[in-house]
Amino acid sequence: MDAFRITGGRALSGAHRVGGAKNAALPLMTAALLTDEPVTLRDVPDLADIANMQRLLRELGCESSRDGDALTLHTVASDASHARYDIVRTMRASIGALGPLVARRGEARLSMPGGCAIGERPVDIHLRGLRALGARVTLEEGDIVARAPEGGRLRGGRVFLGGPNGPTVLGTANILAAATLAQGRTIIENAACEPEIVDLAALLTDMGARIRGAGAPRITIDGVERLTGADRRLIPDRIEAGTFMAAVAAAGGDVVLENCPLDALMAATDRLEHMGVEVTPLGGSDPMRMTCRVRREGPLRPAQITTQPHPGFPTDLQAQFVAALSLADGNSVVTERIFPERFLHVAELSRMGAQMFRQGPTVVISGVRELVGAPIMASDLRASAGLVVAGLAARGETVVHRVYHIDRGYSRIEESLARLGADIERIDAEEARAERLAVAARSVQPAGV
Ligand code: EPZ
């Protein structure tokens, strides 16, 4: 199993181009189920989650092929509408296939996704939304089965998508996609406002859908009879950009980010400015594709952060900012309002010398002068990114195990960081362990043997 070996303490410098957004790519890929014409997406990152989604879509009759960073998806068969457990369990975003399938084929069967490392992740709001569009939804042998009303077509309705922790992102994507082919008008209230929803609505509009209001809490969709193919470039990944910003915050340095969606990162840049990290736009006419400079030379100041639905501070950057704040000059308070259990990185960071105290959804961080390298274990995608951020700033060697988690969402992040001057490499953890044991064994052999 791969691991990252990081020797920390080097400031970062150079330039990094931000890639296409994983969390835009996944729902946009499932939208290809809504048409029998090809849909091409550009700037699609080369990630394990994208490959998993391709595998799921292939099972559902949607072929895909890659040409560089372009991915073309083409639904060629519509007889298989069953998303099986062994694929769904690898990726919760599989739930996004449900709406498009039932809208286009009149029936869908998708294995019920379980919880995951970031906590319980129910899908009740997705199902409530589909019911509001007239679908009959049942649970059969661990599968969610959704059937359109008589005639095989969903019908428009009013749908409220709020839950205890705010609106649901993939739930909004699911209902938005399903409503494009429903009969009549659908109004989604308390829709997620994330930029990935805006990107999905833009693709669906290119395909012939009639959508107003994406990016605001009320979205109106007038259903159409059919959708066509389209060709679209994904928005850049705001979480990748924010992760590199957190890395500069922790390790210090001066980095230029190209293709940076600054417009979608205001909550993060607001906190960075507060922490003493300068984020300066250098150019670009599209606020979602800017060139900007991220710089920290002085001390890192503490901050209070509360994760919230967009445009609030994103939960997907919480772990990386907790890692950076562990080195701040004072006390920080970070509260997680989207996934209150998403704190698996805290115990690992403590093993590196971070001083943190967690109570419920809040972590109080007393900044320390330095973190000390240690072997640590990645547990989920963003927690792993937080551990890498800590490793870059720590004294000595950090080995982050199980980096397959990070490969789900970042394309060869170790190569990008190495280009910025970080001392980081991918190693085979088993070989490294055997090497270490051999060195230890040699050092305890008696002299003369
Ligand atoms: C998306 O997950 C992202 N995944 C997550 O990114 C991200 O953390 C999350 O949105 C929040 O921004 C993708 O886009 C593929 P939600 P999603 O439904 O849509 C509760 C990453 O690291 N809820 O918006 O599944 C839920 O428990 C991933 O890239 C219900 O109660 O998240 C949570 O508290 C991890 N019932 C809140 O809503 C439901 O039916 C928001 O979750 C659905 C959700």
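Counting convention: from 1, in listed order, for ligands and their atoms alike.
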Legend entry - Proximity winner for atom 18 (O) of ligand 1, if only heavy atoms of T168, I197, I239 are counted: T168
Inset, instruction - Indicate yes or no for a side-chain donor-acceptor contact from S94 to the backbone of R89 under 3.5 Å, with no hydrogens or angles considered. - result: no
Inset, instruction - Heavy-atom contacts with K22 under 4.0 Å: which atoms of ligand 1 show up? List them by number with element. - result: 21 (C), 29 (O)
Legend entry - Proximal atoms of ligand 1 relative to L381 (non-hydrogen, under 4.0 Å): 22 (O), 29 (O)
Inset, instruction - Could you tell me whether R238 and D316 make a salt bridge, using a distance below 4.0 angstrom between a side-chain N and a carboxylate O? - result: no
Inset, instruction - Please identify which atoms of ligand 1 are closer than 4.0 Å to at least one heavy atom of T315. - result: 8 (O), 11 (C), 12 (O)
Inset, instruction - Give the residue and atom name of whichever protein heavy atom lies nearest to atom 27 (O) of ligand 1, and the separation in Å to one decimal. - result: P122 CD, 3.4 Å
I'd like a table of donor-acceptor pairs (distance under 3.5 Å, sequence neighbours excluded) in which one partner is a side-chain atom from residues 303-310, with atom names and distances.
| residue | atom | partner | partner atom | Å |
| --- | --- | --- | --- | --- |
| T307 | OG1 | E336 | OE2 | 2.9 |
| T307 | OG1 | R337 | N | 2.8 |

Legend entry - Minimum-distance protein heavy atom relative to atom 36 (N) of ligand 1: D124 OD1, 2.8 Å
Legend entry - Sub-4.0 Å protein heavy atom next to atom 6 (O) of ligand 1: yes
Legend entry - E140 CD: over 12 foreign heavy atoms closer than 6.0 Å: yes
Inset, instruction - Mark yes when over 12 heavy atoms from residues, nucleotides or ligands other than D67 sit less than 6.0 Å from its CG; otherwise mark no. - result: no
Legend entry - Nearest-contact summary for atom 41 (C) of ligand 1 - protein heavy atom, Å: I338 CG2, 3.7 Å
Legend entry - Heavy-atom nearest neighbour in the protein, as seen from atom 1 (C) of ligand 1, with distance rounded to 0.1 Å: V169 CB, 4.1 Å
Inset, instruction - Would you mind telling me if ligand 1 is within reach of the side chain of R382, the backbone, both or neither, using heavy atoms under 4.0 Å? - result: side chain
Legend entry - atom 40 (O) of ligand 1 - nearest protein heavy atom and its distance: I125 N, 2.8 Å
Legend entry - Numbering as shown, the atoms of ligand 1 that approach R342 to under 4.0 Å (heavy-atom distance): 8 (O), 22 (O), 35 (C)
Legend entry - Closest protein heavy atom (residue, atom, distance) for atom 3 (C) of ligand 1: N23 ND2, 3.8 Å
Legend entry - Protein contact for atom 20 (C) of ligand 1 (heavy atom, distance under 4.0 Å): no
Inset, instruction - Evaluate whether atom CZ of R136 has more than 12 neighbouring non-hydrogen atoms of other residues, nucleotides or ligands under 6.0 angstrom away. - result: no
Inset, instruction - Name the orientation class of the two ring planes belonging to F244 and H16 (parallel below 30°, tilted from 30 to 60°, perpendicular beyond 60°). - result: parallel
Legend entry - Pair R342, T315: side-chain N/O donor-acceptor within cut-off below 3.5 Å: yes
Inset, instruction - Return a yes/no value for L170: is any of its N or O atoms, backbone included, closer than 3.5 angstrom to an N or O of ligand 1? - result: yes
Inset, instruction - Measure the distance from atom 8 (O) of ligand 1 to every protein heavy atom, then report the residue, atom name and distance (to 0.1 Å) of the closest one. - result: D316 OD1, 2.6 Å
Inset, instruction - For the pair R158 and E189, find out whether any cationic side-chain nitrogen is under 4.0 Å from an anionic carboxylate oxygen. - result: yes
Inset, instruction - Identify the protein heavy atom lying closest to atom 26 (C) of ligand 1, giving its residue, its atom name and the separation to 0.1 Å. - result: F339 CE2, 3.8 Å
Legend entry - All pairs passing ring-ring contact (aromatic ring centres under 6.0 Å, His included) where residues 22-55 contributes a residue, at least two apart: none
Inset, instruction - Classify the side-chain pair E37/T35 by whether it contains a donor and acceptor separated by less than 3.5 Å. - result: no
Legend entry - Residue R121 vicinity, atoms of ligand 1 by number, heavy atom under 4.0 Å: 2 (O), 17 (P), 25 (O)
